Amino acid sequence: MGTSECGQDAIFGLFHRLEAYATEETPARNHSMTSNRRQFIQAAGTAGAALLTLQTASADETAAPAADRSRPVDRPPFTTELFLDNQLLEATPGVSRKLHPAKKHLLNPVIRPERWCEGTYIEPYTTMYDAEEKLFKMWARAGSDAKAGYVGGNAAWILYYTSRDGVHWEKPDLGVFDLGGRRDHNVVFASDLIPKAPTRLAYGPEKFVIPTTPMVPQGKKAFFWGVNKHPQPRDPSENYVALAIVQDHRRGAHIVTSPDGVHWSCAASPFWQTPHDVAGTGDDCLMHLMFDEAKRKWVIYRRIIPEFSERMIANDSDRNRSPIDRYNRSYAYAESDDLREWKNHRFILAMDADDPADTELYQFGCHKFGATYVGYVSIFYLRHPQPIDIHLATSRDGTHFTRVCRGTPFIPHGPLGYYDFMAMACSQPRPIVVNDTIYIYYAALNFPHDVDESASADYSGGVALATLKRDRFASLETGTPDAQPCRVLTKPLVVSHPRLYLNAATWGKGSIRVEVLTRDWQPIPGFTVAESREIQGDALDHPVRWSNNADLGKLVGQEIRLKFHMTRARLHALTMSDQERPLGLVEAAYRSDAAGDSAPKQN
């Protein structure tokens, strides 16, 4: 997987319009998620956009005065820097980045295969929160790789689930069509529907390559990834869109659409066939789709191999293409204005020489917190018994990703036989943030990748949930006493909003003080470290203040640096905001230090 950072010496125009979800309420939930009232907040709105750094303009940009660039017309009400990469950091003496793994829910798996239509395993291929309907929605792949588990000859299909709290899920009998002669099921997409339900609108080319000797799938398989609510549907039939694989009909990636998320139609032709699709010598069926608001484009991430990096789209010559000697799972990217014509295909992700030799990139998906892309990398270990776990990546442009704390899992797999021995990330085109808690759903299977499922009735898989507090993917954390004094120094940035907040924690009576400097490192009177009010405790939004200045209002539009003086402390994120923000207390279950300075205070 590539490790280069995008445009280290370029100005990033990161102030993009944020999408706002309506504020909603939900019922109480169990364990650490118990609350009398829950407000649902759209993730881009809570995490915000990454802060704009002022560096040398790139070749295709014209430098403008800092003040002219500080307040674009459509700037969001706040911006947040997550510190997942070094884009904003000039130096961090005595401080290092630490990954904070997500917390696995006590009720995992939150969905288990219990009904006849749920097969051997259930994988949450897409989960979203629908603010209009005040409802969690999930489209999950189910089925069996063992012939004895097929239903009406079907080995894989899509189930639909709903939930009010994200933990307890309804399995409605939808009766959309017959499956195995029955309608008491929540199946919404299966192979037999493909010829009966073509899309109303055209997607992809009329002609496509038909393999000479197509790969024969294990039973009938039809499933889709990356369900999105279309921001501007051409007609109601495409209110929902997703990416489908229909292996026993046509090879390649297809667009599927639905007016309601329940009744689905499939395009009559694939819009992207890889050489593997035509040669029948490989499997490129894992994908992710999202609408990128900043680019105003649909973007797809699709599994591929490095040998296709120069030509990712199949032609007739691939009918008899010889198989490669080593299948190395990797990922490619493409984008579209209208879901019909796709451009800018490029190879973007693979394991590299700094990774263990027996690892492959099994699955990849991402979404945006403001202008920061957060990616979930499912890493497959070829060593037996072949587990999978989930690592974190980040990007500023959606194509150049860096691993966050490379080698440390964000969601580690459990031991062999545990419910998530194989832990695979799935699609969440938009983040789900509930009452300052991020929800991540992943596929959890208790058996190895190459196992014969028919060998044991105990082999199973379900939907698992992991959570973390808002913006706390990682932190900049002070080191040992020998590393003191501990400092974080930023690159020059423009003060975009008057109020400054820190998502931070201290322990052992540690503290954080914030000093404001000029570009050439000189303290600004009124904002010096001596005038800084000490921050202590654990909170999502500590206000930053000075003796005679309650905020950065006097410096809005000016270019500054920030210098953090830290003792026994960790800094997760910083936010600049127009409005006051509540302190955001952190529940004990989410604190990194059981004996930390839990009660926030500011002297």
Side-chain angles (χ1 to χ4, degrees), residues 1-16 44 47 49-50 52-53 55 58-61 81-82 84-88 225-226 228 243 253 271-272 274 284 286-313 328-339 341-355 360-379 391-404 406 425 427-431 473:
M1 180 174 170
T3 58
S4 61
E5 293 186 3
C6 177
Q8 284 289 340
D9 298 321
I11 294 176
F12 279 79
L14 298 176
F15 292 122
H16 297 301
L52 178 66
T53 61
Q55 303 174 59
S58 61
D60 60 349
E61 293 176 305
E81 171 58 35
L82 299 177
L84 297 181
D85 60 15
N86 296 328
Q87 182 65 32
L88 188 65
W225 295 81
N228 289 252
L243 302 174
F271 69 89
W272 184 357
T274 67
D284 299 327
L286 274 68
M287 303 179 289
H288 174 68
L289 176 72
M290 59 182 278
F291 184 74
D292 193 317
E293 287 285 353
K295 297 177 181 177
R296 302 301 301 171
K297 294 180 184 294
W298 293 95
V299 298
I300 178 177
Y301 298 87
R302 188 180 183 193
R303 200 166 77 181
I304 203 167
I305 60 172
E307 286 82 352
F308 299 160
S309 62
E310 294 299 316
R311 181 172 63 81
M312 300 182 188
I313 302 173
N328 181 24
R329 298 172 176 89
S330 309
Y331 260 76
Y333 168 97
E335 58 190 29
S336 173
D337 294 320
D338 55 12
L339 293 172
E341 183 179 2
W342 292 82
K343 303 177 181 179
N344 198 21
H345 295 74
R346 62 173 74 178
F347 184 83
I348 63 165
L349 294 171
M351 307 304 283
D352 60 33
D354 290 323
D355 292 304
E360 291 183 1
L361 200 171
Y362 196 85
Q363 189 276 345
F364 175 79
C366 66
H367 44 217
K368 296 183 71 176
F369 283 81
T372 300
Y373 296 80
V374 177
Y376 306 90
V377 182
S378 300
I379 295 181
H391 295 241
L392 203 66
T394 189
S395 174
R396 302 283 176 158
D397 65 358
T399 57
H400 299 81
F401 282 86
T402 63
R403 228 83 61 77
V404 181
R406 182 193 287 251
S427 284
Q428 287 182 213
R430 290 187 178 184
F473 295 98

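All values reported here derive from a predicted model rather than from experimental measurement.
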- Derivation of the side chain to side chain contact (heavy atoms under 4.5 Å, CB included) call for Phe473 and Leu84: CA-CA 8 Å; Phe473 295 98; Leu84 297 181; 3.8 Å; yes

- Item | Nearest-0.5 Å distance that lies between atom OG1 in Thr274 and atom CZ in Arg302 | 5.0 Å

- Message: For a side chain to side chain contact (heavy atoms under 4.5 Å, CB included) check, start with the C-alpha distance between Phe308 and Asp284, then their side-chain angles and the critical distance, and finish with the verdict.
- Response: CA-CA 11 Å; Phe308 299 160; Asp284 299 327; 4.2 Å; yes

- Please determine, by modelled atom types, if Tyr333 and Glu335 share a side-chain donor-acceptor pair under 3.5 angstrom. yes

- Minimal non-hydrogen separation, His288 against Cys366, with atom names: NE2-O, 2.7 Å

- Can you check whether Tyr373 reaches His367 side chain to side chain, under 4.5 Å on heavy atoms? no

- Message: So, taking the atom named CZ in Arg430 and the one named CE in Met290, what distance separates them when rounded to the nearest 0.5 Å?
- Response: 9.5 Å

- Task: Carefully, step by step, assess Asp352 and Arg406 under the rule side chain to side chain contact (heavy atoms under 4.5 Å, CB included).
- Result: CA-CA 11 Å; Asp352 60 33; Arg406 182 193 287 251; 2.9 Å; yes

- Rounded distance [0.5 Å steps], CZ in Phe364 versus CZ in Arg303: 14.0 Å

- Nearest-0.5 Å distance that lies between atom CG in Leu289 and atom CD1 in Ile300: 6.5 Å

- Note on the structure: Exactly one candidate in Asp337, Asp292, Asp338 meets side-chain hydrogen bond (donor to acceptor under 3.5 Å, both in side chains) with Lys297; the answer is Asp337

- Note on the structure: In terms of heavy-atom contacts, Trp225 and Ser427 come closest through CE3-OG, 3.8 Å

- Find out whether Trp298 and Asn228 are in side-chain contact, i.e. whether some heavy atom of one side chain is under 4.5 Å from a heavy atom of the other. yes

- Message: Rounded to the nearest 0.5 Å, what separates atom CG in Leu82 from atom OG1 in Thr372?
- Response: 5.0 Å

- Min side-chain heavy-atom separation Pro306-Phe347 under 4.5 Å: yes

- Output for pair (Leu286 CG, Ile304 CD1), nearest 0.5 Å, gives 13.0 Å

- With salt bridge (Lys or Arg N to Asp or Glu O under 4.0 Å) as the test, would you mind laying out the steps for Arg396 and Asp85 before giving the verdict? CA-CA 9 Å; Arg396 302 283 176 158; Asp85 60 15; 2.6 Å; yes

- Task: Please report the closest heavy-atom contact between His400 and Ser395, naming both atoms and the distance.
- Result: O-OG, 2.8 Å

- Item | Over all atoms of both residues, closest heavy-atom pair of Leu243 and Met287 | CB-CE, 3.6 Å

- Message: Parallel, tilted or perpendicular: which one describes the rings of Phe271 and Trp342, with boundaries at 30° and 60°?
- Response: parallel

- Kindly indicate whether the side chain of Leu392, heavy atoms from C-beta on, has any atom under 4.5 Å from the side chain of Tyr376. yes

- Note on the structure: For Ala334 and Trp272, the nearest pair of non-hydrogen atoms, with its separation, is CB-CZ3, 4.0 Å

- Taking every heavy atom of Asp397 against every heavy atom of Thr399, the minimum-distance pair comes out as OD1-N, 2.9 Å

